[in-house]
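Only one structure is covered here, and it is reproduced in the block below.
By convention here, the first residue in the shown sequence is residue 1. Scope of the values below: all heavy atoms of this structure, side chains included, with no hydrogens, waters or symmetry mates.
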Amino acid sequence: MNIALVLSGGSGTRLGAELPKQYRIIAGKPVVVHTLEQFQRCAEIGFVTAVAAPEWESAIWGWKRTYGLTKLRAVAPAGKNRQQSIRNGLLAAEPFMEGTPGGVVIQDAARPLTTQDLLSRLLQGLSEAPCVMPALPVTDTAYTSRDGQWVDGLLDRAVLYTGQAPEAFHYRPYLKLYRETSPEELSSMSGSCQLPYSRGWAVKMIPGDPDNLKITYPADLETCEKRLLEREKTV
């Protein structure tokens with residue numbers, strides 16, 4: 001059985017609004033609801049755990065009832081950082097796995113445009129590797145700068161890629177990594193693949209989706225709303 005963790009603990013400070021971006025309303029629903037609906041529609045996903053600040057837990061349960069999110073089974077408390085939130089979500093999901101093997105998809109709540117095709121390809125990749133990440137080739141010339149003012153190096157963009165969420169992992173080995181890694185070491189990491197890669201896991205890349213936008217800035221809300229409404233017209 002495959003499961004999903006939806007990370008909804010961010011404060012959205014770069015958006016410049018009091019309400020975190022994942023709870024803003026676009027196309028008639030909170031952003032996080034659009035993201036949860038991705039997994040509600042995905043036949044390969046058995047259930048979902050959301051990870052959120054405690055003050056949002058009751059709202060998320062309310063949205064489960066309002067929008068028929070029957071696969072949502074748990075809401076775990078967000079941690080001090082992304083890695084601690086992942087750990088909390090993995091632990092909250094453990095009782096529902098019932099000892100069965102399977103994969104876990106880690107998704108950002110602020111990515112409401114992820115397609116069913118990408119989710120399917122991501123999960124298929126777990127048959128070949130314990131860790132799968134969508135990635136896009138870097139198309140702009142990439143430089144390095146230690147002080148942020150002067151260029152001190154040029155990178156070969158032919159071997160550079162940008163990773164996207166969601167990412168997928170073999171659930172039990174991934175949980176074991178998070179159980180065995182100290183909070184201090186976890187706090188020094190960012191992406192979901194960083195810990196397994198640091199432990200020697202093979203990380204498989206699959207083609208990402210340029211439209212799989214993560215809401216970061218105010219203009220992203222308008223872009224996502226427009227695309228969601230366009231998708232509704234084609235259903």
Side-chain angles (χ1 to χ4, degrees), residues 3-42 45 47-93 96 104-116 118-119 122 134 163-167 187 190-192 209 211-233 235:
I3 65 172
L5 300 187
V6 175
L7 303 179
S8 191
S11 61
T13 54
R14 281 180 289 185
L15 200 67
E18 292 184 7
L19 190 66
K21 58 192 175 186
Q22 64 271 32
Y23 303 122
R24 299 283 292 274
I25 303 297
I26 61 172
K29 303 173 188 176
V31 170
V32 66
V33 169
H34 289 289
T35 303
L36 289 167
E37 286 179 334
Q38 298 166 2
F39 299 108
Q40 185 68 29
R41 295 190 295 267
C42 183
I45 294 294
F47 73 86
V48 181
T49 293
V51 183
E55 60 266 29
W56 285 98
E57 181 176 352
S58 62
I60 291 173
W61 286 125
W63 292 327
K64 171 181 178 171
R65 295 187 293 271
T66 300
Y67 298 104
L69 302 171
T70 58
K71 291 183 181 180
L72 179 62
R73 302 278 292 278
V75 180
K80 295 180 179 179
N81 52 56
R82 180 185 180 87
Q83 300 303 320
Q84 188 63 50
S85 290
I86 291 174
R87 185 179 189 276
N88 291 352
L90 291 171
L91 290 170
F96 304 108
V104 57
V105 176
I106 310 294
Q107 174 66 306
D108 300 320
R111 287 189 188 266
L113 296 176
T114 300
T115 64
Q116 295 298 298
L118 180 56
L119 290 176
L122 193 67
Q164 294 184 312
E167 297 137 304
S187 67
S190 53
S192 307
D209 180 356
D211 291 331
N212 181 29
L213 179 67
K214 181 180 180 181
I215 296 172
T216 305
Y217 301 106
D220 297 334
L221 285 166
E222 183 178 347
T223 299
C224 284
E225 181 167 50
K226 180 180 178 181
R227 292 178 182 174
L228 285 167
L229 292 173
E230 288 172 350
R231 288 181 183 180
E232 288 180 4
K233 292 178 181 178
V235 174

With sequence neighbours left out, what residues match Thr35 under side-chain hydrogen bond (donor to acceptor under 3.5 Å, both in side chains)? none
How far apart are the C-alpha atoms of Phe39 and Leu69, what are their side-chain angles, what is the distance that settles it, and do they pass the side chain to side chain contact (heavy atoms under 4.5 Å, CB included) test? CA-CA 9 Å; Phe39 299 108; Leu69 302 171; over 6 Å; no
Quick one: closest heavy-atom pair of Pro112 and Ile26, and the distance? CG-CD1, 4.4 Å
Among Leu228, Ile215, Asp220, find the residue that satisfies the side-chain contact (heavy atoms from CB on, under 4.5 Å) test when tested with Val31. Ile215
What residues, two or more places apart in sequence or in another chain, satisfy salt bridge (Lys or Arg N to Asp or Glu O under 4.0 Å) together with Arg111? Asp108
Minimal heavy-atom distance between Tyr67 and Gly28, with the atoms involved, is OH-O, 3.8 Å
So CZ of Arg231 and NZ of Lys226: to nearest 0.5 Å the spacing works out to 13.5 Å
Kindly indicate, with the supporting measurements, whether the criterion side chain to side chain contact (heavy atoms under 4.5 Å, CB included) is fulfilled by Val48 and Ile3. CA-CA 6 Å; Val48 181; Ile3 65 172; over 6 Å; no
Find the distance between CD (Glu167) and CG (Leu5) and round it off to the nearest 0.5 Å. 11.5 Å
Between Gln116 and Gln38, a side-chain donor and acceptor under 3.5 Å: no
The side-chain hydrogen bond (donor to acceptor under 3.5 Å, both in side chains) partners of Ser8 (sequence neighbours excluded) come to Tyr23
Please tell me whether Thr114 and Asn212 have a donor and an acceptor in their side chains that are separated by less than 3.5 angstrom. yes
Could you walk me through whether Cys224 and His34 pass side chain to side chain contact (heavy atoms under 4.5 Å, CB included), step by step? CA-CA 10 Å; Cys224 284; His34 289 289; over 6 Å; no
Exercise answer: donor-acceptor pairs, residues 50-65 side-chain atoms, under 3.5 Å, sequence neighbours excluded:
from: Glu57; atom 1: OE2; to: Trp61; atom 2: NE1; distance (Å): 3.3
from: Lys64; atom 1: NZ; to: Leu72; atom 2: O; distance (Å): 2.7

List the atom of Arg82, the atom of Ser190, and the distance in Å for their closest heavy-atom pair. CD-O, 3.2 Å
Gap between atom CG of Leu122 and atom CD of Gln107 - 0.5 Å precision: 9.0 Å
Nearest 0.5 Å, please: how far is CD in Gln40 from CZ in Phe47? 13.5 Å
Answer yes or no: is there a donor N or O on one side and an acceptor on the other, between the side chain of Thr115 and the main chain of Leu113, under 3.5 Å? no
With sequence neighbours excluded, tell me which residues meet salt bridge (Lys or Arg N to Asp or Glu O under 4.0 Å) with Glu37. Lys29
Tell me, please, which residues at least two apart from Leu91 pass side chain to side chain contact (heavy atoms under 4.5 Å, CB included). Arg87, Glu94, Leu175, Arg179
Who passes side-chain hydrogen bond (donor to acceptor under 3.5 Å, both in side chains) against Gln83, sequence neighbours left out? Tyr178
If the condition is side-chain hydrogen bond (donor to acceptor under 3.5 Å, both in side chains), which residues does Lys71 pass it with, not counting sequence neighbours? none
If the condition is side chain to side chain contact (heavy atoms under 4.5 Å, CB included), which residues does Ala92 pass it with, not counting sequence neighbours? Thr49, Ala76
Asp211: what forms a salt bridge (Lys or Arg N to Asp or Glu O under 4.0 Å) with it, not counting sequence neighbours? Arg227
Can you sort out the partners of Arg41 under salt bridge (Lys or Arg N to Asp or Glu O under 4.0 Å), two or more places apart, ordered by chain and number? none
Give me the atom names and distance for the closest heavy-atom approach of Pro166 to Leu118. CD-CD2, 4.3 Å
